[in-house]
Undergrad: 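This structure is in structure tokens; I'll ask about it shortly.
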Amino acid sequence: MCGIIGLTAIENYLREPIGSIIRRCLKRLEYRGYDSVGYAYIDKQKLKIVVKKAKGKIDDVTRILDFKNAYSNIAIGHTRWATHGKPSNENAHPHTDCSESIAVVHNGIIQNYMELKGKLVRKGHVFKSETDTEVIPHLLEEYVKSGMKPIDALRETLKILKGAFAFAAIFTQERNKIFFAKMTSPLVLGISNKVKFLASDIPAFLEFTNRVIILRDGEFGYISPQEVYIESIDRGAINVRNRIRVISWTPQMAMKGGYPHFMLKEIHEQPLAMQRTLQSLNIKEILEAVDLIINSNKIFITACGTSYHAGLVADYALSSLLGLPSFTFIASEYLKYFKAFGDGDVGIIISQSGETIDSLIALRKMKEKGVKTIAISNVIDSAIPREADVAIYTRAGPEIGVAATKTFTTQIITLLKIILQAAKQLGEDVEKIESELNKTPKISGRVIRAHEAKCREIGRRLSDAKSAFYLSRGIGVPLSMEGALKLKEIAYIHAEAYPAGESKHGPIALVEPNFPVVFSMLLDEYRESLIGNIMEMKAREAYTVGLIPRNERQVIEHLDTYISLPNINPLIAPVIYVIPMQLIAYYAAVSRGYDPDKPRNLAKTVTVE
Ligand code: M6R
């Protein structure tokens, strides 16, 4: 969940201090973790490694880290999300060996570090931090001391390490090379003629190159200004040329583009992202997925967080439209269904990053039992789509804000496209719904333009609340779960979503005057009963907010405020209704003085169990 970066350029090629480049790259990785930051470079005059690191976000420690005065052609950097050891100057990366001639940055977890640390300490190694990472430079040091070259030391080290990790190392003895290894945690290489990069994610180096190699598990090697060497633990040396891909993301996509936060930019980007998704969905892949779904014994859907909510929307559409019930579960809870997984079943795994470890494990557990798997992801060649039988990409462009926004709406669009195609093959007439789905880019644009100001007002009003409810019925329930998650994770306001009918069975006890309750009313058969639920809340003097269909008059008198949304098919409504929810949460967070792009304790991609 940390971000790592490394770059090595031919001598005198860089036009600015390497520290300034590392800082920019780390800023673009900051969404992965931001409790401390550091970098290391080889000082070519003194032939030694210089390490600078500190607790805090990049902007807060820029002066201390003195990026502008770091000159070299080779450096590695790190932005941390603490797993082993609290955020502190000592635990910040890079970590070095005893002689400070090896420096390492690492993302992930070394599971057997306690055992390894014990052995190394007995051999006389001195540790300076509480991290699991620090065993890596000391292990490398052991092998180098025994006469091995860094690449051989790396190979031997990998044989010993257990866990999920990606790391980069520099050695004073190999002054132009950055060594790397990847096992489960993501790592990509950026290739250009005179400079090579490695990073946890592509946007880090996108301003320099869009030619990338996505590393696979068990791969290790090095980059130098003019060479890329990759070896696999099982398969030996890899032909690098065959692995280079040119990606279509532009540097602008990974910048704020005039918006104060990535989250706001990404909310506004939704019409475009939806358009891109609709235009680029590959019909061959959709048909493969449909074939698996309609011929399956059972359907399992799994994901985490926002992606799980998209899965619940798909679950609802599958059963209500096709009468195909699915078992939808939070990925880390796969054990509940493990015995039920079997040949002839299909699993749909949804993950924006494609790297969420819980979802990856659930996918592997399904495959172990013969389940055919379909991955829905935004990141080409990431672990989950790579390991699935069918990979379908949302192509929403990079999402940097920690809170998922455009990836949620494009996931639903992708899932609905698959389900509507399945419906057609099963003889259902879904032409009207499909044509509405195709209009979501336009409709969402209109919704943002028409309602952002009102959402700001509601967000401000909610910013004083300690707690809130999000209520709806039917497909509006996962939508409400998503609205509540947004408010919780970026504005730090406790929010719960419930099926509105269920609120009377306990939760309503919390309601007192001015308690905010956000209702989503869709154009479905729940209308009457939902109005009843709104009235119940109003009778208890709750502050009632309604997201309601246009022309819905009867309910207005029971609402303190409302946003009237286009009349659309309820199956598609989550794509549109979630937009005001995202904006409300965004403005609540900003009113409370929080940075919505970097919510506390969170990271964009969760690569630890
Ligand atoms: O990359 P994934 O879709 O697998 O990530 C899943 C969750 O970690 C993610 O949706 C998380 O809940 C977001 N912070 C929600 O905004």
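For ligands, and for the atoms within them, numbers begin at 1 and follow the listed sequence. We number each residue from 1, following the sequence as shown.
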Undergrad: Could you say whether the N/O atoms of Ile350 and ligand 1 ever approach to under 3.5 Å?
TA: no

Undergrad: Which atoms of ligand 1 are found less than 4.0 Å from any heavy atom of Glu489?
TA: 13 (C), 14 (N), 15 (C), 16 (O)

Undergrad: Only heavy atoms of Thr306, strictly under 4.0 Å: list the atoms of ligand 1 that pass.
TA: 10 (O), 12 (O), 15 (C), 16 (O)

Undergrad: Below 3.5 angstrom, do we get any N/O pair linking Ser359 and ligand 1?
TA: no

Undergrad: Only heavy atoms of Ser351, strictly under 4.0 Å: list the atoms of ligand 1 that pass.
TA: 1 (O), 2 (P), 3 (O), 4 (O)

Undergrad: Checking side-chain contact (heavy atoms from CB on, under 4.5 Å) between Glu269 and each of Met274, Glu399, Lys406, which is the one that passes?
TA: Lys406

Undergrad: Output, in order, the C-alpha distance, side-chain angles, deciding distance and verdict of side-chain contact (heavy atoms from CB on, under 4.5 Å) for Glu288 and Ile283.
TA: CA-CA 9 Å; Glu288 277 179 63; Ile283 187 67; over 6 Å; no

Undergrad: Judged on heavy-atom distance to atom 1 (O) of ligand 1, which of Ala403, Pro599, Gly354, Ser353 sits nearest?
TA: Ser353

Undergrad: Within the 4.0 Å heavy-atom shell around Lys486, which atoms of ligand 1 are there?
TA: 15 (C), 16 (O)

Undergrad: Should one rank Ile357, Val402, Val379 by closest heavy-atom distance to atom 13 (C) of ligand 1, which comes out on top?
TA: Val402

Undergrad: Taking the ring of Tyr334 and the ring of Phe329, is the distance between their centroids below 6.0 Å?
TA: no

Undergrad: Tell me whether Gln352 has any N or O atom under 3.5 angstrom from an N or O of ligand 1.
TA: yes

Undergrad: Look at Glu30 together with Lys27 and state whether they make a salt bridge at an N to O cut-off of under 4.0 Å.
TA: yes

Undergrad: Ion pair present between Glu219 and Arg243, side-chain N to carboxylate O less than 4.0 angstrom?
TA: yes

Undergrad: Which atoms of ligand 1 are found less than 4.0 Å from any heavy atom of Ala404?
TA: 15 (C), 16 (O)

Undergrad: Can you tell whether the side chains of Lys265 and Asp597 come within less than 4.0 Å, N to carboxylate O?
TA: no

